[in-house]
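Beneath this line is the structure, given in structure tokens, with notes to follow.
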Amino acid sequence: MSGDHSHNEDQVDGGSRFNDSHKYKDKYKEKEHKHKDHKKDKEREKSKHGNSDHKDSSDKKHRDKEKMKHKDGSTDKYKDKHKEKRKEEKMKSIDGKVKKEKENGFASPLHLKSEPEDNFYHSPKHEKSLKRERDDDDAEFKPKKIKIENDKKAKKRKPEEDAKSKKTKNKKGEVADGKKKAKKEPEEKWKWWEEERYTDGVKWKFLEHKGPVFAPPYEPLPSNVKFYYDGKHMKLSPEAEEVATFFGKMLDHEYTTKDIFRKNFFKDWRKEMTPEEKAKITDLKKCDFNEMNDYFKAQSEARKAMTKEEKLQRKEENERLLQEYGFCIMDNHRERIANFRIEPPGLFRGRGDHPKMGMLKRRIRPQDIIINCSKDSKHPEPPPGTKWKEVRHDNKVTWLVSWTENIQGSIKYIMLNPSSRIKGEKDWQKYETARRLKKCVDRIRNQYREDWKSKEMRIRQRAVALYFIDKLALRAGNEKEEGETADTVGCCSLRVEHIKLYPENEGQEYVVEFDFLGKDSIRYYNKVPVEKRVFKNLQLFMENKEPDDDLFDRLNTSVLNKHLQELMDGLTAKVFRTYNASITLQQQLKELTSAEENIPAKILSYNRANRAVAILCNHQRAPPKTFEKSMQNLQTKIDAKRDQLSDAKRELKSAKADAKVRRDEKSKKSVETKKKAVQRIEEQLMKLEVQATDREENKQIALGTSKLNYLDPRISVAWCKKWGIPVEKIYNKTQREKFAWAIDMADDDFEF
DNA sequence: AGGGCAACTTAGCACAGGCGAC
DNA sequence: GTCGCCTGTGCTAAGTTGCCCT
């Protein structure tokens, strides 16, 4: 009660927020523009340095200096300092970055080829991970503890024992040694949640897989599909042609009209051209990709028009690929891999206003790939005539394959499906951590309320930020490198321009208006009344600052998480999201479900509870393109059903009258049948109406994300059991596979 | 302390395929 | 059997967190 403070009132009727967000759309656009301008500056700066050998940065320095002027007011800014530093560093590092990229291998394939292949045991990575081992030991304390706390069925075993026995033991008691046995296992469902967990940072003892499936090689266009430059046909080299097709495919998309997209694309495309092509093709505007576009459209039409047999064949081929590459053997069990296909090359499309949109996403080759598997497994073979970049045997990580992507230079992984033990355990553990937070959340809330009064600025900031994270379920908000990604923020990275303070607004006191772009450039818009102390603190934090200054200049995610760690073992900012999401679902289910209602109505209640969470977490979606139409269709159906109902009622009435006169068995029976018909139609009508309500309320809200990532599945399972709802009504097949552990273990009295 | 990397979770969107209505 | 819509799935970008190193 006291614990679950006030979100729900604020959040549940989030409908208004979305309506608001409509109203504010225009204003928002304006804002976006403003912001863009501001960003353009930065971009200009960036590209200056990027393209040329970093000219002088005098105008930047000037700006920075100016900033300092504003800043030297009340507080010394630890964060600003490093913000500034970051900027300078970036300029300095451009040189270094290029070099680094070469080392990583995107810029210099030759270099890569010469890398020794016998690095199984000597790779620096490997050494690193060995070093890490010891630390992991302490870290692994946690799961162990959780296990004891929460899994009564688990028997304890000592770690050393574990190593051996893990190998020999499995549920059916067969002696297994890795692959051989595992393959035999028909394995009706494996209940990994009834088994021991690794406690020493080891993620597996045995891992075997077939490696990734590469993107199909480029197929040159048929000669009748032409590219025109400046109105004249031009035959492109295969390399240039391939990249051109990436653009050609996207012609219908809005982003091929965006400046940044075009600029980035053109720059990268030119790198693939022969010198002759490069000399000739100098202006993207003069390029005509239309025939390519038509060609690909025709191809996709052809695919749709394939005969049944062809489609079946395709399906079978896919299934074969899945069976061969889509599974691995991990510790005696055949487990599904999530993404065994390597991402095909194409043009990068970041979300929101991404500075790198349109850049060429390179084709990944075997020599870019790092394989991870056990030493004693059958290693995957690279395609004939090729070599892997490296094969390593690191059982402290869960991935099977990795490569470095060329847009941000980040690492991509092939990992297991959510239904796998390794993902499931982690998921379960996440909810256990959130449940531990439940036990001490009151204490933590009291603490941060105290901290609002602290003498120290950094503590006040920390406390106010934590309050937002708790009350509004904001994300932590790491700092991001400017110019590398879209300009989005989370709690710790909020800037002054993202909030507005209203001492009084629409009859409420101390209202804060949030308006910013969060993860995936999804807009967060919310007006919330806050406590006076918070309000006053915010005023203080904003004093003498520019709109683009950090609101919490003495705070970052690392500081915050360190603090949280001290408050509770395993506590981080995102645990609040999980906790608040799950507790909200539980509460809302209690509140909204009424015993008398039938199953569709109960499911509507479930969806409403789910929706409350989605609103809390700001899980939005673009209204489906067909929304209006499908809503209309549904309405037509409802109207038809209504007519049908009144017809049925009329018939019932006359049958009754008839029966009164005749008083025979036959007419009595007729009345009964008509009665039943009316009932049935009423039910159908009701179902349709419920569906309409549900859909309308769901227009811009995505339920999937919270269902999949934030809601302890045991709450839903318990609810289903309690009310006799088949769990299939709540979870589809994939979801049931992911949550098999919860479906198996939660009883109707489960309490989050 | 804080930059940077590695590993892993969370996110929305596009599109195909299946299913119900006709 | 065909059509159109809805759902589920795949895809991959974009976050968070923890750790190492300097």
Side-chain angles (χ1 to χ4, degrees), chain A residues 78-79 81-82 85-86 89-90 93 97 100 104 125 128-129 131-132 135-136 139 203 253 300 303-304 308 311 314-315 318 338-344 346 348-352 354 356-357 361 370 372 394 396-399 402 404-405 407-413 415-418 422-423 426-427 430 475-481 484-486 488-493 518-522 556-562 564-565 570-575 577-578 617-622 624-627 629-630 633-634 637 691 695 702 704-706 708-710 731-735:
Chain A
Y78 116 78
K79 192 157 157 193
K81 254 188 268 158
H82 94 240
K85 211 163 97 195
R86 220 177 41 194
E89 210 91 289
K90 208 189 300 165
S93 72
K97 204 167 207 168
K100 199 177 69 200
N104 283 346
K125 303 264 153 127
K128 202 160 148 196
S129 70
K131 232 186 278 170
R132 229 182 267 156
D135 306 329
D136 274 342
K203 303 290 169 57
H253 274 111
S300 98
R303 222 174 303 127
K304 274 180 214 155
K308 255 193 207 136
K311 279 186 180 167
R314 242 167 61 101
K315 205 176 159 184
N318 267 332
N339 55 324
F340 57 91
R341 284 170 212 273
I342 299 275
E343 297 171 18
F348 175 79
R349 169 61 185 162
R351 296 176 198 166
H354 198 115
K356 298 195 171 181
M357 65 169 82
K361 200 169 107 166
I370 301 174
N372 192 31
D394 182 354
K396 299 280 202 292
V397 297
T398 67
W399 52 269
S402 76
T404 303
E405 150 271 351
I407 303 291
Q408 316 279 6
S410 66
I411 307 172
K412 300 263 190 166
Y413 303 93
M415 292 183 186
L416 296 194
N417 195 69
I422 214 158
K423 294 291 182 189
K426 200 79 187 297
D427 208 36
K430 172 182 78 187
R475 296 187 185 80
N478 281 307
E479 289 150 84
K480 303 167 76 190
E481 242 186 286
E484 296 292 301
T485 57
T488 62
V489 298
C491 186
C492 295
S493 50
K519 181 177 180 180
D520 294 319
S521 293
I522 296 291
N556 61 35
T557 53
S558 142
V559 169
L560 179 67
N561 279 334
K562 240 170 238 156
L564 292 176
Q565 193 59 240
L571 187 61
T572 62
K574 85 186 183 103
V575 178
R577 249 167 105 78
T578 312
C617 295
N618 200 40
H619 291 141
Q620 297 190 37
R621 61 167 183 176
K625 284 185 186 95
T626 54
F627 185 83
K629 207 167 86 191
S630 86
N633 287 348
L634 198 54
K637 268 194 202 167
Q691 205 186 340
R695 195 179 294 175
T705 306
S706 48
L708 236 45
N709 299 302
Y710 289 103
Y731 290 133
N732 68 31
K733 186 164 153 280
T734 323
Q735 292 163 341

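Here is the naming used below: chain letters follow the sequence lines, and residue numbers restart at 1 for every chain. Hydrogens, waters and symmetry mates are skipped; everything else that's a heavy atom, side chains included, is used. Predicted, not measured: the structure shown is a model, and the values here were computed from it.
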For the side chain of [X], counting heavy atoms from C-beta on, which of [options] is nearest?
X	options	answer
A/Asn556	B/dG12, C/dT12, B/dG2	B/dG2
A/Gln565	B/dC8, B/dG18, C/dG18	C/dG18
A/His619	B/dG12, B/dA6, C/dA13	B/dG12
A/Trp399	B/dA16, B/dA7, C/dA13	B/dA7
A/Lys361	C/dT17, B/dC8, C/dA13	C/dA13
A/Thr705	C/dT17, C/dT12, B/dG12	B/dG12
A/Tyr710	B/dA11, B/dC13, C/dT17	B/dA11

Taking atom [atom2] of [N] as reference, at what distance in whole Å does atom [atom1] of [X] sit?
X	N	atom1	atom2	value
A/Leu564	C/dT16	CG	C1'	13 Å
A/Leu571	C/dG18	CG	P	10 Å
A/Asn318	B/dA16	CG	C1'	11 Å
A/Arg577	C/dA14	CZ	P	17 Å
A/Glu479	B/dG2	CD	P	9 Å
A/Met415	C/dC11	CE	C1'	15 Å
A/Lys480	C/dG15	NZ	P	4 Å
A/Ile522	C/dG15	CD1	P	10 Å

Answer with base, sugar-phosphate or nothing: what part of the nucleic acid does [X] contact at a heavy-atom distance below 4.0 Å?
X	answer
A/Arg351	base
A/Lys311	nothing
A/Lys356	nothing
A/Phe348	sugar-phosphate
A/Ser558	nothing
A/Gly518	sugar-phosphate
A/Asp520	sugar-phosphate
A/Leu708	nothing
A/Gly477	sugar-phosphate
A/Lys430	sugar-phosphate
A/Pro418	nothing
A/Ala338	nothing
A/Lys574	sugar-phosphate
A/Thr557	nothing

Does [N] have OP1 or OP2 under 4.0 Å away from a side-chain N or O of [X]?
X	N	value
A/Asn561	C/dT17	yes
A/Arg475	B/dA11	yes
A/Ser410	B/dA6	no
A/Asn478	C/dT16	yes
A/Lys203	B/dC8	yes
A/Lys315	B/dG17	no

message: Nearest heavy atom decides the nucleotide; on that basis, is A/Lys423 or A/Arg621 closer to the 5' end of DNA chain B?
response: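 Nearest nucleotide further toward 5': that of A/Lys423.
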query: Of A/His253 and A/Ser706, whose closest DNA chain B nucleotide lies nearer the 5' terminus?
result: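 Of the two residues, A/Ser706 wins.
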message: Could you work out, with salt bridge (charged side-chain N to carboxylate O under 4.0 Å, His left out) as the rule, every residue matching A/Lys519, not counting sequence neighbours?
response: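 A/Lys519: no salt bridge (charged side-chain N to carboxylate O under 4.0 Å, His left out) contacts found.
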Quick one: does [X]'s side chain have a donor or acceptor within less than 3.5 Å of a partner on [Y]'s backbone?
X	Y	answer
A/Asp427	A/Lys423	no
A/Asp520	A/Ile522	no
A/Asn339	A/Met415	yes

task: Decide whether A/Lys480 and A/Ser493 meet the rule of one side-chain donor and one side-chain acceptor closer than 3.5 Å.
output: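 There is no such pair (donor and acceptor under 3.5 Å, judged by atom type) between the side chains of A/Lys480 and A/Ser493.
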field: Interatomic spacing from NZ in A/Lys574 to OH in A/Tyr710 - rounded to 0.5 Å
entry: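 Interatomic distance, A/Lys574 NZ to A/Tyr710 OH, rounded to 0.5 Å: 7.0 Å.
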field: Enclosure of A/Lys311 NZ (heavy-atom neighbours >12, cutoff 6.0 Å)
entry: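 For A/Lys311, atom NZ is crowded (more than 12 foreign heavy atoms under 6.0 Å).
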- prompt: Per the atom types in the model, does the base of B/dT10 pair as donor or acceptor with the side chain of A/Lys519 at under 3.5 Å?
  reply: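 Such a pair is found, so the answer is yes.
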field: Residue mapping more 5' on DNA chain C - nearest nucleotide basis, A/Gln408 or A/Arg695
entry: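 Of the two residues, A/Arg695 wins.
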- request: Specify whether A/Phe348 and A/His354 have parallel, tilted or perpendicular ring planes, treating 30° as the upper limit for parallel and 60° as the lower limit for perpendicular.
  value: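 Perpendicular.
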